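A, B, ... follow the sequence lines: proteins, then strands. Residue 1 opens every chain. Here the structure is a predicted model, which is why all the values come from computation and not from measurement.
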Amino acid sequence: MPQHISFEVLNMTSSIQNRKYATEITAANEGERVSIAGWVHEKRDLGGVFFLIVRDRSGFAQVTLPRKKTEKELFERVKRVPRESVVAIEGEVKREQKAPNGFEILPSRVEVLSEASQVLPLDTTGKVGAELDTKLDARFMDLRTEKTKHIFVIRSRILKAIRDFLDVRGFIELNTPKIVSAATEGGTALFPISYFEREAFLNQSPQLYKQMLMASGFDRVYEIAPIFRAEEHDTTKHLNEATSIDVEVAFEDHEYVMTLLEELIVFAYTNVVDYPGLAKLDLNLEVPKVPFRRITYDEAIEQISGAGEEIAWGEDIGTSAEHTLGKIIGELYFITDWPCAIKPFYAQPAGEGKDTCNAFDLMHPRLELSSGSQRVHSYELLKQQIESKGLSADSFEFYLDSFRYGMPPHAGWGLGAERLLMCMLEIGNIREVVLFPRDRKRLVP
RNA sequence: GCCCGGGUGGUGUAGCGGCCUAUCAUUGAGCCCUGUCGAGGCUCGGACUCGGGUUCAAAUCCCGACCUGGGCGCCA
């Protein structure tokens with residue numbers, strides 16, 4: 001128990017602030033005086049020599065204390081630092097073939113910035129596994145493990161790649177409201193919230209808003225933001241809070257946005273394959289080639305039926321049919337020309353005498369990654385389609401209004417960020433790729 | 001919501017009516033050891049989700065609750 005609370009932490013020495021990351025140090029720094037700071041990953045006491053493996057964001061550094069050459073007090077103190085405590089080390093770099101990275105640090109000063117309680121909620125070295133539930137309960141510590149850390153670095157790389165990709169193509173990133181007034185299109189359940197004296201909802205999709213922006217003159221927009229769905233499904237691919245990557249483009253059709261989407265996916269993969277940490281994830285990542293295969297809904301039904309699974313024209317493709325088809329195709333593909341009946345009201349019908357629309361889904365063999373379409377831009381048709389789906393045009397007035405004063409033709413899609421990440425990294429459960437996932441049961445942490 | 005699994009020390013597991021005073025690994029406490037790299041050797045500590053039932057006897061079988069993994073449904 002501490003006798004008093006000190007302000008030590010505010011007086012961090014400049015050596016800590018000027019510290020190096022573990023991987024910035026090499027044997028070439030021999031003789032230099034360096035500072036590092038991080039977590040006590042492992043301790044190895046061999047009697048006459050003591051090794052402290054310090055982990056930071058970049059990797060590991062070995063701190064070596066030979067008993068006879070180390071001041072007794074320092075030696076004893078270091079020996080007693082609990083694993084996962086935060087320490088700052090100052091010392092001299094020594095070239096050493098027997099050390100993990102060809103060098104070690106002979107410390108002159110060891111500062112314990114924060115002592116870790118024992119026993120730890122999970123093992124950070126990877127010797128003993130932990131179940132997903134255990135990992136999520138102690139996520140802050142799970143993030144100290146190599147595999148989990150890399151998942152989130154890769155997630156960041158993917159999102160940056162996507163922003164870069166869209167930015168150079170003239171897109172503007174905008175943000176639409178997450179608190180909305182009314183249940184939008186029926187279907188998906190919404191989370192009701194209390195909004196002053198009224199009831200409001202968390203938005204399930206930026207769809208209506210990004211379309212309204214097409215009437216603004218911003219003809220190429222995107223948004224990367226959370227969406228909320230109150231579905232009670234409990235699966236490995238659903239979340240109640242997810243990240244949606246939404247794109248909408250004016251003066252273009254579904255074909256254009258499909259090409260944009262496949263090129264964007266390839267660009268994201270390209271920015272992940274050269275990430276060094278990928279090696280820790282034990283998978284063989286290959287960049288897909290464009291164009292992705294395109295099959296029509298009709299062909300999809302045929303293939304699924306051919307594989308012995310009964311599915312009638314006009315039915316949605318269920319989970320098992322999706323898997324059957326995924327196995328047959330075996331790579332990323334589009335399903336195009338969907339029946340109007342199973343696509344939302346804003347999907348543009350293909351034309352006279354056809355009961356299909358200009359909508360598509362981007363599929364990974366495991367699951368759906370994205371869906372999009374050319375949108376209806378005619379006020380009259382849109383209103384008619386809303387009503388024919390059994391919805392009330394009145395509750396869509398704010399949306400429909402934007403179609404009355406000059407709405408260009410447009411198209412777009414929404415892509416699930418977590419689904420892309422889990423498929424790319426071959427991770428079984430979508431919760432693994434979310435820091436603090438929200439599902440039917442989990443609201444904490 | 002339906003259908004299958006599973007809940008055993010901090011973590012990951014074995015055991016599936018009596019051989020259980022419950023296995024193994026790892027973690028923790030401690031001792032030995034001058035070069036570890038999943039270090040090694042020894043000692044100690046630590047668990048059968050909860051409630052009810054069957055039985056001479058329950059971690060083990062049955063019922064219920066809770067938690068949990070998966071398949072499906074549902075899901076713009």
Side-chain angles (χ1 to χ4, degrees), chain A residues 41-53 60-70 75 79-80 82-84 94 96-102 104 116-138 141-142 145 183-190 203-208 211 227-240 242 244 246 316-323 338 340-347 357 359 361 367-368 370-373 375 385-386 389 391 412-414 416 419 428-429 431 439-442:
Chain A
H41 188 67
E42 278 188 88
K43 298 192 294 182
R44 286 196 201 102
D45 184 0
L46 277 71
V49 62
F50 185 90
F51 300 110
L52 190 69
I53 311 299
F60 306 94
Q62 174 167 290
V63 178
T64 304
L65 294 93
R67 184 194 281 275
K68 285 181 182 164
K69 295 179 191 164
T70 309
F75 192 84
K79 254 179 83 164
R80 284 178 209 294
R83 288 170 67 218
E84 294 303 324
K94 189 183 159 215
E96 177 54 70
Q97 288 236 312
K98 285 175 279 189
N101 299 317
E104 60 193 13
S117 295
Q118 303 293 310
V119 183
L120 304 171
L122 51 80
D123 170 41
T124 55
T125 65
K127 286 181 220 166
V128 182
E131 291 202 356
L132 181 56
D133 199 47
T134 306
K135 286 152 68 108
L136 294 179
D137 280 341
M141 186 157 290
D142 180 41
T145 64
T184 47
E185 301 111 274
T188 288
L190 295 160
N203 208 174
Q204 56 176 277
S205 157
Q207 180 64 33
L208 305 184
Q211 281 194 264
I227 54 171
F228 306 92
R229 297 182 179 191
E231 295 301 331
E232 303 210 351
H233 39 220
D234 203 359
T235 78
T236 53
K237 61 178 186 185
H238 286 100
L239 292 163
N240 292 300
S244 182
D246 270 274
D316 203 356
I317 299 174
T319 310
S320 71
E322 201 173 273
H323 289 165
W338 288 78
C340 295
I342 51 172
K343 281 292 172 189
F345 60 76
Y346 47 76
C357 59
D361 279 4
L367 49 80
E368 177 190 330
S370 168
S371 66
S373 65
R375 320 299 194 186
Q385 293 217 1
I386 287 171
K389 293 264 180 192
L391 300 165
W413 42 255
R419 287 189 173 189
N429 192 317
R431 292 163 181 79
D439 63 34
R440 185 74 183 84
K441 305 257 175 69
R442 187 175 282 278

Between [M] and [N] - [atom1] atom distance, rounded Å:
N: rG38(B); M: rG12(B); atom1: C1'; result: 15 Å
N: rU60(B); M: rU8(B); atom1: P; result: 13 Å
N: rG7(B); M: rC50(B); atom1: P; result: 13 Å
N: rG51(B); M: rA59(B); atom1: P; result: 13 Å
N: rG18(B); M: rG5(B); atom1: P; result: 22 Å

Rounded to whole angstroms, how far apart are [atom1] on [X] and [atom2] on [N]?
X: Phe75(A); N: rC33(B); atom1: CZ; atom2: P; answer: 11 Å
X: Phe51(A); N: rC33(B); atom1: CZ; atom2: P; answer: 16 Å
X: Leu132(A); N: rU11(B); atom1: CG; atom2: P; answer: 15 Å
X: Lys237(A); N: rG71(B); atom1: NZ; atom2: P; answer: 9 Å

Salt bridge check: are [X] and [Y] linked by an N-O gap of less than 4.0 Å?
X: Asp137(A); Y: Arg442(A); result: yes
X: Arg431(A); Y: Asp234(A); result: yes
X: Arg83(A); Y: Asp123(A); result: yes
X: Lys94(A); Y: Glu96(A); result: yes

Which of the following nucleotides, [options], is nearest to the side chain of [X]?
X: Lys98(A); options: rG35(B), rC37(B), rC72(B); result: rG35(B)
X: Lys127(A); options: rU36(B), rU27(B), rC72(B); result: rU27(B)
X: Val128(A); options: rC72(B), rG35(B), rU11(B); result: rU11(B)
X: Glu96(A); options: rG73(B), rG35(B), rU68(B); result: rG35(B)

Practice task
Record whether the side chain of Gln62(A) comes under 3.5 Å of the base of rU36(B) through a donor-acceptor pair of N or O atoms.
Solution key: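 Answer yes: a donor N or O sits under 3.5 Å from an acceptor.
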Problem - Which residue lies more 5' along RNA chain B, comparing Ala130(A) with Gln97(A) via nearest heavy atoms - result: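 Its nearest nucleotide being more 5', the pick is Ala130(A).
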Problem - Any Thr236(A) side-chain nitrogen or oxygen under 4.0 Å from OP1 or OP2 of rG69(B) - result: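 Checking rG69(B) against Thr236(A), no side-chain N or O comes under 4.0 Å of OP1 or OP2.
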